[in-house]
Amino acid sequence: MDVVNEIRKLKKEKNAVILVHNYQMPEIHDIADFVGDSLGLSIQAAKTDADVIVFCGVHFMAETAKILSPQKTVLLPDKDAGCPMADMIDAESLAALKAKHPEAVSLCYVNTSAAVKAQCDYCCTSANAEKMVRHILTKHREIIFIPDKYLARFVSSRAGCDFIYWDGYCPIHADIMPEHILHAKQMHPQAKVIVHPECSPELTALADIVTSTEGMCKYAKDTAETEFIIGTEIGIIHRLKKENPGKKFYAASDGAICMNMKRTSLEKILRSLTDMVHEITVPQEIMDKARLSIERMLKIV
Ligand code: CIZ
Ligand code: SF4
């Protein structure tokens, strides 16, 4: 039996669902039960009666799935798949920052560990960050926004406010340069430029649209436009092409590859289901507190 069929068979036997992040490799997208962003996937999995979740993504994403499905077993096919941006802040540094600004409300991007989320008042995604900030500003004046300084800057310019922010960033999005966009524009002058808000302000300034990965998928489907330059991790291009046959998608930079996302392979997924590895657990107290920050967000958006 080939690997894909073996995965399908084991998935049934173990009553598992396979969640695949937009940035995964094409062959991983093609065996997914759900493809999407980290929060959307975790919410979808929580609604199923699966016993096991295989999260094809990085560590904080599997933690988010566990927080929303505490009774399910959550597996990460490669135990070393982490997110360098999420790792730029830990619970201790956040506690120190909060101590300096005791009046501030803390808002964390979903790209954070469960331990960091547990210390935050609210969680947000790149899709809803602006809405969250506008809501918080109706009641509070100071916001600590962590860990992505570029997302913070983008949202603060939209919402017209200042944040106490952290010096974190995604090395992959930060490495997409204005020259990449200008070159792609030269090659494809008709194309709409869509850029992720984890990119630098110099990059978002060149974009027609700045939006999350799910926002990109929705825009590409709904618009009459047919050509797009995509400024985010290139894994998403497989999904965009699959969902929009006939439309053309070009990576702003072929180098925008997150090696952590690419650690997942079909063989590792098979091993994950065979040996039930690598199980992601979160201490109960942290899980409950982190869930609160997510639930507070879900009440607002
Ligand atoms: O939360 C996610 O899945 C990420 C990292 C990106 C996005 O824009 O959806
Ligand atoms: Fe983290 Fe960036 Fe990789 Fe997303 S693309 S997992 S933010 S390092």
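All ligand and atom numbering here is 1-based and tracks the order in the structure. What's counted below: heavy atoms across the whole structure, side chains too, no hydrogens, waters or symmetry copies.
Residue contacts with ligand 1 do not include L39, since none of its heavy atoms lies under 4.0 Å from the ligand. Residue contact check for ligand 1: T125 places no non-hydrogen atom closer than 4.0 Å to it. For E198, the closest heavy-atom approach to ligand 2 falls below 4.0 Å.
Backbone and side-chain nitrogen or oxygen atoms of S126 are examined, and one is located within less than 3.5 angstrom of a nitrogen or oxygen of ligand 1. Remark: ligand 1 and H21 share an N or O pair separated by less than 3.5 Å (distance only, no angle test). Inclusion of H196 in the set of residues having an N or O under 3.5 Å from an N or O of ligand 1 is warranted.
Using modelled atom types, one finds a donor on one side chain and an acceptor on the other under 3.5 Å when comparing E214 with N22. The closest side-chain donor-acceptor pair between H196 and S212, if any, does not fall under 3.5 angstrom. With hydrogens and angles left out, the side-chain atoms of Y109 and E198 include a donor and acceptor closer than 3.5 Å. Using modelled atom types, one finds no donor on one side chain facing an acceptor on the other under 3.5 Å when comparing D87 with H59. Judged purely by distance below 3.5 Å, without hydrogens or angles, the side chains of Y23 and T232 pair a donor atom with an acceptor atom.
Under the 3.5 Å distance criterion, the side-chain polar atoms of S38 are left unmatched by any main-chain donor or acceptor of M61. No side-chain donor-acceptor contact under 3.5 Å links H101 to the backbone of E142. Between the side chain of K117 and the backbone N or O of T112, at least one donor-acceptor pair lies under 3.5 Å. Counting only distance, with no hydrogens or angles, the side chain of K14 and the backbone of M276 share no donor-acceptor pair below 3.5 Å. Side-chain atoms of D121 come within 3.5 Å of backbone atoms of S106 as a donor-acceptor pair (strictly under, hydrogens ignored).
Shown here are the salt bridge (Lys or Arg N to Asp or Glu O under 4.0 Å) partners of K218, two or more places apart in sequence or in another chain: D222.
Counting only heavy atoms of the protein, atom 4 (Fe) of ligand 2 lies nearest to Y23 CE1, 3.9 Å. In terms of protein heavy-atom proximity, atom 7 (C) of ligand 1 is nearest to T213 OG1, 3.2 Å.
Atoms of ligand 1 lying under 4.0 Å from any heavy atom of S38, numbered from 1 in the order shown and given with element: 1 (O), 2 (C), 3 (O). Less than 4.0 angstrom separates some heavy atom of S212 from each of these atoms of ligand 1: 8 (O). For ligand 1 and V110, the ligand atoms under 4.0 Å from any heavy atom of the residue are 1 (O).
Protein contacts to atom 1 (Fe) of ligand 2 involving N, O or S atoms at a distance below 2.8 Å are C83 SG.
Residue-level proximity to ligand 1 for D37 is carried by backbone and side chain together, each with a heavy atom below 4.0 angstrom.
In summary, the aromatic rings of F228 and F249 are positioned with their centroids under 6.0 Å apart.
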